[in-house]
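As the structure lists them, so they are numbered: ligands from 1, and atoms in each ligand from 1.
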Amino acid sequence: MDNLQSVIDYYEQYGQGHVFEYWDTLDVSSRQQLLGQAQNIDLAEIKKLVDIHVLSESKEAIDYAQLSPAPYIPHYQKGGDSMLWAQARELGNDALASGKVAAFTVAGGQGTRLGYNGPKGTYPVSPVTKASLFEIFAAKLKHAEKAYGSPFYWFIMTSLVNHQQTEDFFKKHQYFGLKDENVRLFTQGLMPAVDFEGKMIMESKSKVAMSPDGHGGSLRALNRSGSIDLMKDQGIEILSYWQVDNPLVKFIDPYFVGFHVQKGSEMSSKMIPKAYPKEKVGHFCMYQDNMVVVEYSDLPDEYQEQTDAEGELSFKAGSVAIHMFDVDFIKRMGGEDSNESLPFHKAVKKVPQLTAAGTTEKPSEPNGVKFEMFVFDALPHAKNPVVIEANREDDFSPVKNAEGVDSPESCERDQLKMFARWLLAAGESIAVDETGLPAIKIEIDPSFAYDEQSFVEAWTDLDEKPEIVDGLVIR
Ligand code: UTP
C-alpha cells in the first residue's frame with residue numbers, strides 16, 4: 001500500500017494523476033498490470049519531452065547554410081576505385097570468417113502502413129514460394145554459414161506488441177534450419193503516448209497507451225537485453241544492422257564490412273543515389289563537422305532539388321537504413337550511464353483510447369503524440385563514419401505500403417528483375433521487358449546464391465540445370 005501511495009503521489013506530482021482514476025474499480029490482476037506499467041515509466045523524461053515537443057515547438061533549427069553533402073565511397077561499378085573495393089572485400093572476408101560479425105534486424109515496428117495483421121517479418125514476399133521476410137533472411141544466413149564455415153548469431157529486436165507472435169513463428173518453422181540458440185530475440189523499450197496537453201493517454205482503465213520507442217531504441221535494448229554482453233563473450237565486434245521490411249538487403253557484405261574495418265569506423269552506412277529529387281529518404285549530410293542524416297521532411301525543397309556543376313543532385317546520398325555498428329559504440333551509446341543518448345522525435349498519431357463508455361476506440365483523427373528515437377541520430381557521435389554507395393537493385397526494395405511505391409507488388413517486381421539479371425549474367429536466356437522484368441515468375445533461394453557472383457558460380461557448378469520456366473524455384 002505504501003508503495004502504491006508513493007507511485008500515485010509521484011504521478012500526481014507530475015500532473016499525471018488521472019492514470020489511477022479508475023483504481024478503485026479495478027480487480028486484482030488489472031491493478032497489478034497498471035501498477036507494474038506505471039512503475040516502469042520515467043515521468044521526468046516524459047515531462048522533458050512534453051515540454052519540448054508538445055507544449056512548445058522548440059525543435060532545434062538547422063542552419064541550412066552550414067549543411068553540405070556528406071562524402072561517400074563511390075561504387076566500383078559507378079566510377080569508384082576497383083582496387084580499393086577489392087582490398088575492402090578481402091578485409092571483410094577475413095572479419096566475416098573470424099566470427100567477429102553478427103547480424104541484427106530491427107523488427108519491433110507496428111507496420112501500420114502495410115496494414116498486415118502480424119509481425120512484418122512473417123509477411124510472405126517471395127514471388128513463387130511466398131517465403132516470409134524472416135525465412136529469406138534465414139536463408140541468407142545459411143548461405144553465409146556455408147561460405148564462411150561457421151554459424152552467425154542473428155539478433156532480432158521485437159516489441160512487446162509482436163514478440164510472442166514472432167517467437168512462435170520461429171518455433172513453428174524450426175528456426176528455418178538455423179540453430180535456435182543463435183537466433184536471439186529480445187524486446188525494445190516502450191514509451192507512453194500523450195495527448196496534446198501532455199497527459200498520458202489511457203488505452204483502458206488499467207492500461208496506459210504505450211508504443212515502441214523507435215528503431216533508435218535498439219541501442220538501449222541491445223544493452224538492456226544482455227545482447228552486448230553475449231557479443232563480448234563471443235568475440236563479436238561488429239553488428240550488421242537492417243530493417244525487417246527489405247528482402248533484398250545484402251547484410252553479409254564483405255565490401256561493406258571491409259570498409260568499416262579499414263576506416264576504423266564506429267558506424268558505417270550504405271547509401272543509394274536518390275531516384276528523384278524528392279524521394280522520401282533521409283539525406284547524408286555534413287553539419288558542423290559531423291555526419292548527420294537529415295530527413296526529407298526537414299530538408300527544404302531547394303536543397304532536395306539543388307544540382308552541382310554536372311547537373312547531378314548535390315544532396316543525392318539517400319539513407320536506406322543499412323548500417324554496420326561497432327559493438328563498443330553501441331555499448332557507449334546505449335548503456336545506462338551513457339552521456340550520449342539519442343534524442344526523441346515526436347510523431348502525431350491516432351492512438352487507441354479509453355472512451356467515456358469504458359471501451360477502447362481508435363479515433364478518426366490524430367489525438368496524441370508518440371515519442372521515438374531514430375538510429376541514424378547515432379551518426380554524429382560515431383568516430384570515422386563511412387558511407388559507401390550501394391546499388392539500389394541489389395540492396396533495397398522495402399515493403400512499407402499496402403500498394404504503390406514500396407509495396408509487396410513493387411518488391412516482387414524488384415526480386416524478379418534481380419533473379420533475371422543473375423540468370424542473364426550466368427549466360428542463360430530469359431525474356432524480359434524494357435524494365436528488366438521477366439515474363440515468368442521465378443525464384444532463387446538465397447541459400448543457393450546470395451548475389452550475382454555467387455549465383456554465377458553455383459549455377460555453373462550445377463551438373464543438371466533446370467529448365468527456366470514459370471514457377472521455377474532454384475534452391
Ligand atoms: P518504419 O519506420 O517503416 O515503421 O520502421 P513501421 O512500424 O515498420 O511501419 P509503419 O510506419 O507503422 O507503417 C522501419 C524499421 O524499423 C523497425 C521496423 O520494424 C522496421 O524494420 N522499428 C520501427 C522498430 O524495430 N521499432 C520501432 O519502434 C519502430
*Asks:* Distance to 0.1 Å, residue and atom name: give those for the protein heavy atom nearest to atom 11 (O) of ligand 1.
*Replies:*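 Heavy-atom neighbour on the protein nearest atom 11 (O) of ligand 1: Arg113 NH2, 3.1 Å.
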*Asks:* Classify the ring geometry of Phe176 against His173: parallel below 30°, tilted from 30° to 60°, perpendicular beyond 60°.
*Replies:*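 Rings of Phe176 and His173: parallel, under 30°.
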*Asks:* Does Gly214 reach ligand 1, in the sense of a heavy atom lying below 4.0 Å from it?
*Replies:*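 Contact present.
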*Asks:* What is the ring orientation for Tyr450 with His143, classed by angle as parallel under 30°, tilted 30 to 60°, or perpendicular over 60°?
*Replies:*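 Plane angle under 30°, so parallel.
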*Asks:* List every atom of ligand 1 that sits less than 4.0 Å from any heavy atom of Met157, numbering the atoms from 1 in the order shown and giving each element.
*Replies:*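 Counting from 1, the qualifying ligand atoms are 25 (O).
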*Asks:* Closest approach of Ser269 and Leu379, non-hydrogen atoms and distance?
*Replies:*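 Heavy atoms only, the tightest pair is OG-CD1, 4.1 Å.
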*Asks:* How far is atom 23 (C) of ligand 1 from its nearest protein heavy atom, and which residue and atom name does that atom have?
*Replies:*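 The closest heavy atom on the protein side is Gly109 CA, 3.7 Å.
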*Asks:* Looking only at heavy atoms, which two atoms of Lys274 and Gln304 are closest? And how far apart?
*Replies:*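 Of all heavy-atom pairs spanning Lys274 and Gln304, the closest is NZ-O, 3.3 Å.
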*Asks:* Starting from atom 25 (O) of ligand 1, what is the nearest protein heavy atom, named by residue and atom, and what distance separates them?
*Replies:*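 It is Gly108 N, 2.8 Å.
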*Asks:* Do Lys350 and Pro363 have side chains that get closer than 4.5 Å, going by heavy atoms?
*Replies:*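 A side-chain contact under 4.5 Å exists here.
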*Asks:* Return the residue, atom name and 0.1 Å-rounded distance of the protein heavy atom closest to atom 6 (P) of ligand 1.
*Replies:*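 Answer, as residue, atom name and distance: Gly111 N, 3.6 Å.
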*Asks:* Counting each atom of ligand 1 from 1 as listed, which ones have a heavy atom of Lys120 under 4.0 Å away?
*Replies:*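 Result: 8 (O).
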*Asks:* Give me the residue, atom name and distance of the protein heavy atom closest to atom 21 (O) of ligand 1.
*Replies:*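 Answer, as residue, atom name and distance: Val106 O, 2.7 Å.
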*Asks:* Could you find the nearest protein heavy atom to atom 26 (N) of ligand 1 and give me its residue, atom name and distance?
*Replies:*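 Looking at atom 26 (N) of ligand 1, the protein heavy atom closest to it is Gln188 OE1, 2.7 Å.
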*Asks:* Does any N/O atom on Thr112 come nearer than 3.5 Å to any N/O atom on ligand 1?
*Replies:*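 Yes, since at least one N or O of Thr112 sits under 3.5 Å from an N or O of ligand 1.
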*Asks:* Is any side-chain heavy atom of Leu49 closer than 4.5 Å to a side-chain heavy atom of Glu45?
*Replies:*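 Of all side-chain heavy-atom pairs linking Glu45 with Leu49, at least one is under 4.5 Å.
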*Asks:* Report the C-alpha distance between Phe134 and Phe170 in whole Å, list the side-chain angles of each, state the deciding distance to 0.1 Å, and finish with yes or no for ring pair (Phe, Tyr, Trp, His ring centres under 6.0 Å).
*Replies:* CA-CA 8 Å; Phe134 283 137; Phe170 272 93; 4.9 Å; yes
*Asks:* Taking distance alone, with no angle check, do Leu114 and ligand 1 share an N/O pair under 3.5 Å?
*Replies:*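 Between Leu114 and ligand 1, no N or O pair is found under 3.5 Å apart.
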*Asks:* How are the rings of Phe325 and Phe329 set to each other: parallel, tilted or perpendicular (split at 30° and 60°)?
*Replies:*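 Answer is parallel, since the angle falls under 30°.
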*Asks:* Heavy-atom pairs closer than 4.0 Å: do any link ligand 1 to the side chain of Ala107, the backbone, both, or neither?
*Replies:*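 Backbone only.
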*Asks:* What protein heavy atom lies closest to atom 7 (O) of ligand 1? Include the residue and the distance to one decimal.
*Replies:*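 Answer for atom 7 (O) of ligand 1: Gln110 N, 2.8 Å.
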*Asks:* What atoms in ligand 1 come closer than 4.0 Å to a heavy atom of Lys400?
*Replies:*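 This gives 1 (P), 3 (O), 14 (C) as the contact atoms.
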*Asks:* May I ask you to test the Met210-Met191 pair for a side-chain heavy-atom distance under 4.5 Å?
*Replies:*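 Not touching, per the 4.5 Å side-chain cut-off.
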*Asks:* Could you tell me whether Arg475 sits above the aromatic face of Phe448, with NZ or CZ closer than 6.0 angstrom to the six-membered ring centre and within 45 degrees of the axis?
*Replies:*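 No, Arg475 and Phe448 do not form such a contact.
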*Asks:* Looking at ligand 1, is there an atom of it that comes within less than 4.0 Å of some heavy atom belonging to Glu372?
*Replies:*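 Judged by the 4.0 Å heavy-atom criterion, Glu372 does not count as contacting ligand 1.
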*Asks:* What protein heavy atom sits nearest atom 16 (O) of ligand 1, and how far off is it?
*Replies:*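 Heavy-atom neighbour on the protein nearest atom 16 (O) of ligand 1: His215 CD2, 3.5 Å.
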